[in-house]
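Following: one structure in structure tokens, then a few remarks.
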Amino acid sequence: MPEGPSIKILKDLTEKFLGKEILSATGNAKIEMDQLPGRIFQEYKTYGKQSYLVCENMVVRIHLLLFGSYSLDEQTKPDRQLRLHLKFENGDLYFYSCSVKLLDRNVLKEIDWNADVLSDEWKPLKAKKKLKVQPEMLVCDALLDQNIFSGVGNIIKNEVLFRIGVHPESLVGKLPPKKLAALIFEARNYSFDFLRWKKEYVLKKNWLAHTKKICPKCGENLTKRHTGLNSRRSFFCEKDQKLYQ
DNA sequence: TGCCATGTTAAACT
DNA sequence: GAGTTTAACATGGC
């Protein structure tokens, strides 16, 4: 569920609550629930995989982590840990098993919006600068670094690396200029494909490498291995994805 | 049925 | 203190 594009979809679904008053806030999230009723839900801001529900002088930051989910208007599966339920006059917003924090609105000023691959404010040159100062980093770690490519998750990582023909364990500093540019371009470009395909319920169908066994390009077996600092699954073709080191 | 994964943080270590 | 490793969280698909 929760890579950057999925959060964008959630944001769109909550549009009808904009400008509405929060009538009640309940759930097992460890926040001061009584701070929320009476406030107006002004804006839904996303930063990568983070959601910021903006109210007056206050934001609710939500991260779905690995297992988080949500529902609108109807509590579809009430057996799950209901973390936060926001009641509006025209419906209900439910969040399950996610991270919830109540923060001062000023936290929005600290965020580097240029790092969000799905944002209009995305700045590829800035990403390039961040990569240049970390030449020893593996490209699989670089793509998952939320300070550089906010919103990119493991699926996007695998698909981007397959598209640009780069081995996940390549060193950032050893990438030829064209490959470095392709990496930065596809991180955003594939994220928009992900968004479109997810909306059309055909995301999985369009995976070329992630969870796949056969390379769609050359027909050879794909390699599955846990790579990088956090040992996330990588699916790649030894033949079509070059190792730069 | 058991494993493990679209993720991150904080505590526990060296 | 720093950098690194481990644990915790918690659900659903295969």
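All chains are named by letter (A, B, ...) in the order of the sequence lines, taking the proteins before the strands, and each is independently numbered beginning at 1. Hydrogens, waters and symmetry mates play no part in the numbers below; they use all other heavy atoms, side chains included.
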- Kindly assign one of parallel, tilted or perpendicular to the pair Phe41(A) and Phe88(A), based on the angle between their ring planes and the thresholds 30° and 60°. tilted

- Query: Are Lys217(A) and Phe162(A) in a cation-pi setup, meaning NZ or CZ lies under 6.0 angstrom from the ring centre and within 45 degrees of the ring axis?
  - Reply: yes

- Does His210(A) put a side-chain nitrogen or oxygen below 4.0 Å from OP1 or OP2 of dT6(B)? yes

- Query: Looking at Arg233(A), does any N or O in its side chain come under 4.0 Å of the phosphate oxygens OP1/OP2 on dT6(B)?
  - Reply: yes

- Quickly work out the Leu229(A) CG to dT8(B) P distance and round it to whole Å. 14 Å

- Item | Integer-rounded Å distance: dT6(B) P and Asn206(A) CG | 18 Å

- Quick one: do Phe185(A) and Leu131(A) end up in the same hydrophobic cluster if we chain Ile, Leu, Val, Met, Phe, Trp and Tyr together by side-chain heavy atoms under 4.5 Å apart? no

- Item | Rounded distance (Å) that lies between atom P of dG3(C) and atom CD of Gln134(A) | 13 Å

- Message: Between P on dG13(C) and CD1 on Ile155(A), what's the gap in Å once rounded to a whole number?
- Response: 14 Å

- Task: Mind calculating the distance between CD (Gln146(A)) and C1' (dT8(B)) to the nearest angstrom?
- Result: 9 Å

- Task: Report the nucleotide, chosen from dT11(C), dC9(C), dA10(B), that has the shortest atom-to-atom distance to any side-chain atom of Lys101(A).
- Result: dA10(B)

- Under 3.5 Å, is there a donor-acceptor pair between the side chain of Gln146(A) and the main chain of Gly151(A)? yes

- Message: I need the CZ-P distance between Arg61(A) and dT9(B), as an integer number of Å.
- Response: 7 Å

- Lys204(A) has a side chain; which of dG7(B), dA5(B), dC14(C) sits nearest to it? dC14(C)

- Message: Suppose we define a pair by two distances each less than 3.5 Å, Watson-Crick or G-U wobble; what does dT6(B) pair with here?
- Response: none

- Starting at CZ of Arg232(A) and ending at P of dA5(B), how long is that distance when rounded to a whole Å? 9 Å

- Between Lys49(A) and dT8(B), does any side-chain N or O lie under 4.0 Å from OP1 or OP2? yes

- Item | Given dA5(B), dT6(B), dT11(C), the nucleotide with the shortest approach to the side chain of Gln81(A) | dT11(C)

- Item | OP1 or OP2 of dG7(B) under 4.0 Å from side-chain N/O of Lys157(A) | no

- Measure the distance from CZ on Arg225(A) to C1' on dA5(B) and round it to the nearest whole Å. 19 Å

- Query: Expressed in whole Å, how much space separates the P atoms belonging to dA7(C) and dC4(B)?
  - Reply: 16 Å

- Task: With Gln42(A) as reference, evaluate Lys20(A), Arg105(A), Glu56(A) under the side-chain hydrogen bond (donor to acceptor under 3.5 Å, both in side chains) test and give the passing residue.
- Result: Arg105(A)

- Task: Could you check which of dT8(B), dT6(B), dA5(B) has an atom nearest any side-chain atom of Lys224(A)?
- Result: dA5(B)

